[in-house]
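For reference, the structure is listed below as structure tokens.
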Amino acid sequence: MTDQTDDTDLPQDQALTAADLKRLSPLDWARYGAQRIAYVRPVVVNGQAAIAIHAADGTPIGAAPSLDLATAAIMQHGMGAALVH
């Protein structure tokens, strides 16, 4: 995160705001949210629009045909969702 707050000082159950998430560096994303945050982004798979689901560190973990289904899958696994565009 920014120099104002060190992500290691955050309690494990504290949610970050959208503004906090926008300030995370790639390394901070990996450290903070690899197990707790998944991001989604639109992709094309076999000529069809889809939503790719990735762990915060960039590891692909799934895909869904719509944003609603991708978000539901993320939430079912106890993770928070972030949209990358």
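Position 1 is the first residue of the sequence; numbering continues from there.
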Nearest-0.5 Å distance that lies between atom OH in Y39 and atom CD1 in I74
11.0 Å
Distance from H54 atom NE2 to I37 atom CD1, nearest 0.5 Å?
15.0 Å
What's the shortest heavy-atom distance between A64 and A70, and which atoms?
CB-N, 3.6 Å
Closest heavy-atom contact between M79 and M75?
O-SD, 3.5 Å
Side chain to side chain contact (heavy atoms under 4.5 Å, CB included) against V43, all qualifying residues, sequence neighbours excluded:
R41, V45, A50, A52
Return each pair, listed once, that meets side-chain hydrogen bond (donor to acceptor under 3.5 Å, both in side chains) where at least one residue sits in residues 58-73; pairs must be two or more places apart or across chains.
D57-T59
Would you mind reporting whether L69 and I51 have side-chain heavy atoms less than 4.5 Å apart?
no
If the condition is side chain to side chain contact (heavy atoms under 4.5 Å, CB included), which residues does A49 pass it with, not counting sequence neighbours?
none
